[in-house]
Amino acid sequence: MIEINGKSVYNALAMGKLHFWGNDNQIIKRTKTENTKAEVLRFKDAQAKAKKELRELYQKAVANVGKANAQVFEIHIMMLDDEDYFGAICNMIQTQSVNAEYAVSYTSDIFAKTFGEMGDEYMRARAADVLDISKRLVNILIGVEKPSGEFSEPSIIVAPDLAPSETVRFDTSKVLGFVTFKGSANSHTAILARNMNIPAIINTGTIDTSFDGRMAILDGHSGTLYIDPDDDKIEDFKRRKALELERIELLKNLRGKPNQTKSGKTIDIFANISSPRDIVSAIANDAGGVGLFRSEFLYLEQKDYPSEDEQFFKYKEVAEKMGGKPVIIRTLDIGADKKISYFNLPEEENPALGFRAIRICLTDTKMFKTQLRAILRASAFGNIYVMFPMIVSQNEVSRAKALLEECKSELKADKIAFKEDIKTGIMIETPAAAIISDLLAPMIDFFSIGTNDLTQYILAADRQNHSLEPFIDDKHPAVLRLIEETAKNAHKHGKWVGVCGELASDPTLSEFFMNIGIDELSVSSSHILKLRENIRSLD
Ligand code: PEP
Ligand code: MG
């Protein structure tokens with residue numbers, strides 16, 4: 001039995017086969033080729049395809065983010081045509097009789113190393129471009145799209161790291177748990193594991209791919225992965241798993257009971273969801289509403305922009321299934337770790353501080369209005385609220401609200417039903433928004449505090465960077481003070497305030513949240529009844 005330790009980000013247990021995920025670290029094998037002429041042609045064909053892809057990406061990027069930001073694709077096209085680069089690859093195929101993918105990969109590494117050692121900063125930055133081009137060419141040559149996200153039997157997923165654009169492609173009914181070599185507690189993989197009520201451990205360091213397909217036990221309590229577990233471990237797993245299921249059953253007795261302390265203070269507990277599929281679990285766990293519908297996951301699941309109708313049907317489904325309970329739809333929060341290829345957003349030095357969320361929506365207003373119209377139309381079928389993410393200024397709130405009003409006027413003119421007085425709120429997830437919450441409160445109906453981003457921005461610590469874990473105290477007094485300040489400012493203006501980041505489910509903070517008058521906590525469905533139990537135990 002092999003024992004691998006990591007950091008637990010969700011306490012649960014699973015047993016199943018390991019399934020290694022991802023092709024980024026793929027080793028390109030060197031093979032001998034007899035027909036070097038055909039191999040050069042194969043390379044030239046891949047080069048032409050790569051250029052075609054890049055030209056399309058360039059056009060889309062110009063339309064979405066402007067010429068200056070689209071320039072990176074132009075540079076890639078130029079590099080693909082560079083005689084030195086192109087010539088070196090052809091030469092290697094011809095003189096060493098190697099396969100094209102190996103020649104591309106080998107030559108690119110040499111070029112990247114040379115660029116990386118140059119004195120000029122601009123030239124040094126080209127190293128990443130060469131590697132990017134190389135990946136594109138290799139993927140074309142070996143016919144790799146992206147892993148499909150399908151596996152035949154329920155498995156524990158093992159990966160270097162997982163981006164939201166990858167996790168959305170999993171058939172979640174077949175995922176038993178997550179193990180990542182890197183990762184962080186507030187990453188979306190961790191959030192997904194909590195939503196799915198499955199164990200997850202991060203920061204294990206590299207695990208050898210030769211373990212692919214081997215039987216394992218994932219213990220999310222201790223943060224341990226046991227590969228080829230012995231009989232004693234399997235027995236221990238079975239006993240503890242039975243207790244885990246028993247506890248889940250016991251918690252069900254709390255359904256229908258109020259979230260009320262012994263002295264009678266109450267708080268709403270809502271669910272965080274990413275898709276209409278999550279509603280089943282929200283209802284089973286007696287959610288009082290949906291406090292955060294991460295609408296960007298609808299975009300992440302698609303190969304192209306979802307249309308107004310596609311979005312409308314999904315929002316309507318959630319609103320109807322929640323039967324009149326509040327459903328807070330957060331408008332698109334794309335960017336940073338949530339990357340969508342068809343948005344063709346340029347690479348950024350600091351994506352968490354970059355072009356994301358409301359900044360993208362206020363730039364591409366056509367796309368934003370498509371979403372707002374879909375939300376408004378769905379509001380006629382339930383109790384939908386709309387919420388804007390990543391706000392830093394009053395100006396952004398005014399502009400977002402003005403676009404919402406524009407959509408209302410258009411729908412009215414077309415005699416399409418919607419809720420005229422739809423409640424409009426904002427996420428408080430930047431220090432700027434928390435600090436000016438007294439100025440923002442009169443502009444909206446509610447606040448929802450996103451502690452995941454708020455913590456990263458207050459503590460200047462990237463939520464994706466696993467090496468910062470020892471430096472992050474998510475209950476840092478600066479974070480708690482700004483939460484309290486935000487709650488005070490909301491209440492001063494008669495507005496309600498919720499918390500929808502991961503801190504909302506931390507049982508050690510329930511008392512604090514109730515004392516400062518937080519009105520609503522929005523958590524992964526699997527946390528709702530545990531949180532209710534905790535609140536009912538408070539004085
Ligand atoms: C947050 O930042 O706390 C939040 C809820 O939003 P997300 O985790 O989707 O960034
Ligand atoms: Mg956020």
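Heavy-atom basis, side chains included; hydrogens, waters and symmetry copies ignored. Order of appearance sets the numbers: ligands from 1, and atoms from 1 within every ligand. By convention here, the first residue in the shown sequence is residue 1.
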Between the Mg ion (ligand 2) and Asp453, which N, O or S atom of the residue is the nearest one? OD2
Identity of the N, O or S atom of Glu429 lying closest to the Mg ion (ligand 2): OE1
Between [X] and [Y], does any side-chain donor sit less than 3.5 Å from a side-chain acceptor?
{"X": "Ser524", "Y": "Tyr10", "value": "no"}
{"X": "Tyr457", "Y": "Glu429", "value": "no"}
{"X": "Thr224", "Y": "Asp219", "value": "no"}
{"X": "Lys495", "Y": "Asn489", "value": "no"}

Among Asp453, Leu503, Thr430, which one puts a heavy atom closest to atom 2 (O) of ligand 1? Asp453
Among non-hydrogen protein atoms, atom 6 (O) of ligand 1 lies closest to Arg330 NH1, 2.9 Å
When you compare the side chain of Val497 with that of Ile518, does any pair of heavy atoms fall below 4.5 Å? yes
Would you say that Phe368 contacts Thr363 through its side chain, given a criterion of any heavy-atom pair below 4.5 Å between the two side chains? no
Glu502 N/O under 3.5 Å from ligand 1 N/O: no
Would Glu296 count as a polar contact of ligand 1, with the cut-off being nitrogen or oxygen pairs under 3.5 Å? no
[X] heavy atoms, cut-off 4.0 Å: which ligand 1 atoms fall inside?
{"X": "Asp333", "answer": "10 (O)"}
{"X": "Lys338", "answer": "9 (O), 10 (O)"}
{"X": "Arg294", "answer": "4 (C), 5 (C), 6 (O), 7 (P), 8 (O), 9 (O)"}
{"X": "Met427", "answer": "4 (C), 5 (C), 6 (O)"}
{"X": "Arg463", "answer": "2 (O), 7 (P), 8 (O), 10 (O)"}

Specify side chain, backbone, both or neither for Asn272, according to which of its non-hydrogen atoms lie closer than 4.0 Å to ligand 1. neither
Please classify the Leu292 to ligand 1 contact at 4.0 Å (heavy-atom distances, strictly less than): side chain, backbone, both or neither. side chain
Working to the nearest 0.5 Å, report the span between CZ of Arg330 and CG of Leu292. 5.0 Å
Tell me whether Glu296 contacts the main-chain N or O of Asp333 through its side chain, where contact means a donor paired with an acceptor under 3.5 Å. yes
For the pair Glu308 and Lys369, find out whether any cationic side-chain nitrogen is under 4.0 Å from an anionic carboxylate oxygen. no
Are any of the heavy atoms in Met390 under 4.0 Å away from ligand 1? no
